Amino acid sequence: MNQHVSPPKQSTSLYAETVIIHPRAVKGIYRNLKWWLMALTLGFWHLAPFLRWDRGPGAPDQAILADLDGGRGYFFFIEIWPQEVYYLTGLLLLAAIVLFFMSALAGRVWCGFLCWQTVYTDLFILVERLVVGDRPARMNLVRRKWDAHKITKTAIVHAVWLLISAACGASFVLFFGDAFQTLKEILTLEASIGAYSCIFIIGGFCYLLAGFAREQVCLYMCPYSRFQSSMLDEHSLIINYETWRGEPRAPMRKGGSFEGRGHCIDCKACVQACPTGIDIREGLQMGCIGCGLCADACDTVMKKYGLPPHLISYDSANNVEARAKGTKGETKLIRPRTLLYTALIVVIAAGMMISLGTRRTTEANVLHERTPLFVVQSDGAIRNGYTYKVLNMIRKDRTYRVKVTGLEGATLSVVGGATRVAETELQVTGDDIGTFRVYVDVPEGNLRGKKTPIFFELTELSEGSTLRTESLFAGP
Amino acid sequence: MASMEKDSVSGQMTTGHEWDGIKELNTPLPKWWVYVFWACVLWAIGYWIAMPAWPTPTGYTQGMLNYSSRANVAEDLKAQQASRAQWMAKLQNASPEDIVKDKALLNFAQSAGKGLFGENCSACHGAGGVGVPGAYPRLADDEWIWGGSLADIEQTIKFGVRNAHPDSRQSEMLPFGTGDAMSADQVSQLADYVVSLSAKTPAAGSPGEALFAERCSACHQEGGVGMKDLGAPALNNNIWLYKGGKEGVIAQITKPKHGSMPAWTERLDAGTIKVLAVYVHSLGGGK
């Protein structure tokens, strides 16, 4: 497919001056969608830490919480222990494939509507527009001398930006501790240095990236814009300018006719609306983030001239090409690429759900003592030492019964507990790891070979569920 | 330097560089990127001034912030000791028996004990109390020369064995096989009997049995069960600090070996000794 990159200005300098972009406000379907999605994403970011989820007494009641000190992650009904961080990996994998899937279907919708760089830039531009005015007013302000008016307006804009940035950073911190408590501490200057550093770094980058860097992030920093082309094909919905209908473009005088010329009146509304400052009429290009604001701008103009809409639209390359020939195009949503992504999403999501749904609430680990590997007791019995860890992953004290199988006549001794018994009970407090030093004795003569596999069998007394953990028994 | 020109294919300017007829298109770098680069260079220079950076013939530049990772470690250690303080305070008032009964204290004693044992004891007794045959007793089995109860172990650690401390455990086996004490035949008969004891098949009515009753049973007791108060080891099992078997027994009867252990009461505080007692007791052989 065609993918042009607009040739840079014919410069003899090795360094390019940054041109500040002042996008003009537009009205239309994509603009409305962007407002709603901004409300949704920012609403989630700022309100999610305050959602509550009852987990019983003694447990945090924050729905989404990363408790670093306690070593637990909470997500509504899910509670993750440190050894289960692979769920996070699964989630990241899922997010990546959903992103590919979205791109295959509708190009860079992520970039145009959901990416925080886009959302915050959009919000910062809104602040500028409310304080200073639309594109012409903002351009005038830049050109203006530094007088009281310019200083006041600029100060207000930056103050609001900084406030938004601080809120952005603070919200991040709220996911790592009780949100109400942490917010109170932040506001009363009682929070930790770590919390303020986080707010400073994240808020600082928010201010820098959404206030100043803006489209430069998409053009020069983000890798996604570079590999997007490998995820698009002729069926993907992308922002298209219908060259066959628009060209030859020319300015339109009042009362003029569109006979024998293109529908594009070269008003540059699409260019002025673009947050990355590109001209979509040059075709799909790296700078296009697929936000649809140029389509909104163009539709408004088309309506004014009584022309059909969608000279610029979200459409597939197939459709545009077919319409140019006067035939009906075909945009297949179901195709190998999207089917593969869907299958991957379903498999990974199902795998995670099944593994979450069936995961045990008790885990056990056995560590065989290596110094000494074994000890001969005074009655000739062979003894091996183990560190036995029982993870009680619910918030209820539980009693377990443990025995050792795989070796005839094996007995257990627990430090601080029973001595040489066939089986014994272990108490583990709720949401805790019980660490027990266990010795296994086997009578002389019951042992065959230097290494014998043995099994620690743990039975939860109230449920009766058992857990077998393999280890080995060393002998002379 | 070649001049910049317009590339006829792309319409883009070239940088003016040319290698074997290949010209490079000029794609200007954004200026802010260059500023960020210079900012990083400035940061690096600032870092050299603020932090330890360059080697000098005698050491390194210290930096104005006086940063030292070594000092940080010392601080971390101090903080850790402070966090242990409440546990150590509890230990001061608890007997070793109390510690074993309290699950939290026991856990603390076991993990703290591991480090303390490694620092103070494992040089002789080996990691995990594995011991050294012929020199230092194994602490992981249930055979104890001076007793394996918590109180016995604490006592042994405090005052040691055969040292100059007035409360040290003292005992000495006489060299029965030298001089006129016993003939070589008698020593051999006695050794045979001791070996039979350890094999749990005592040779009743043998000449060795009579010799044992006469010479050894005062300390090692009838049947060779041993006597902890005197540090007389049990002979009725197969755990030998020095060599077992007839040869080893003869060697010990003839020219007895005696180990020694320093008193730790002057080097370690009472709480540390309690932790060590609990840890050694938990190594597997505690009574």
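Atoms considered below: every heavy atom in the structure, side chains included; atoms not considered: hydrogens, waters and symmetry mates. A quick note: this is a predicted structure, and the numbers were derived from the prediction, not measured. So you know, we letter chains A, B, ... as the sequences are listed, proteins then strands, and number each from 1.
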Review point. Of all the residues in residues 221-249 of chain B, which have a heavy atom that comes within less than 4.5 Å of a heavy atom in chain A?
Key: B/N237, B/I239
Check your understanding: Does the gap between the ring centers of A/F212 and A/Y207 come in under 6.0 Å?
Key -> yes
Check your understanding: Picking from A/Q377, A/E17, A/Q427, A/R383, which has the most non-hydrogen pairs under 4.5 angstrom with chain B?
Key -> A/Q377
Exercise for review: Counting only heavy atoms closer than 4.5 Å, note whether B/L106 contacts chain A via side chain, backbone, both or neither.
Suggested key: side chain
Practice item. Carefully, step by step, assess B/Q12 and B/T27 under the rule side-chain hydrogen bond (donor to acceptor under 3.5 Å, both in side chains). Key: CA-CA 8 Å; B/Q12 212 170 325; B/T27 307; 3.2 Å; yes
Point to revise | Residue pair A/R398 / A/T362, side-chain donor-acceptor N/O under 3.5 Å | key: yes
Point to revise | chain A contact via B/V34 - side chain, backbone, both or neither, heavy atoms under 4.5 Å | key: side chain
Review point. Does the side chain of A/S378 pick up a donor-acceptor pair with the side chain of B/D142 at under 3.5 Å?
Key: yes
Check your understanding: Relative to the ring of B/F117, is the ring of B/H125 parallel (under 30°), tilted (30 to 60°) or perpendicular (over 60°)?
Key -> tilted
Check your understanding: If we ignore angles and hydrogens, is there a donor and acceptor under 3.5 Å between the side chains of B/D152 and B/S149?
Key -> yes
Check your understanding: Between A/Y386 and A/F436, is the gap from one ring center to the other below 6.0 Å?
Key -> no
Exercise for review: Just say parallel, tilted or perpendicular for the rings of B/H220 and B/F212, cut-offs at 30° and 60°.
Suggested key: tilted
Check your understanding: Which residue out of B/L29, B/D141, B/N107 racks up the most heavy-atom pairs below 4.5 Å with chain A?
Key -> B/L29
Review point. Side chain, backbone, both or neither: which part of B/K101 has an atom under 4.5 Å from a heavy atom of chain A?
Key: neither
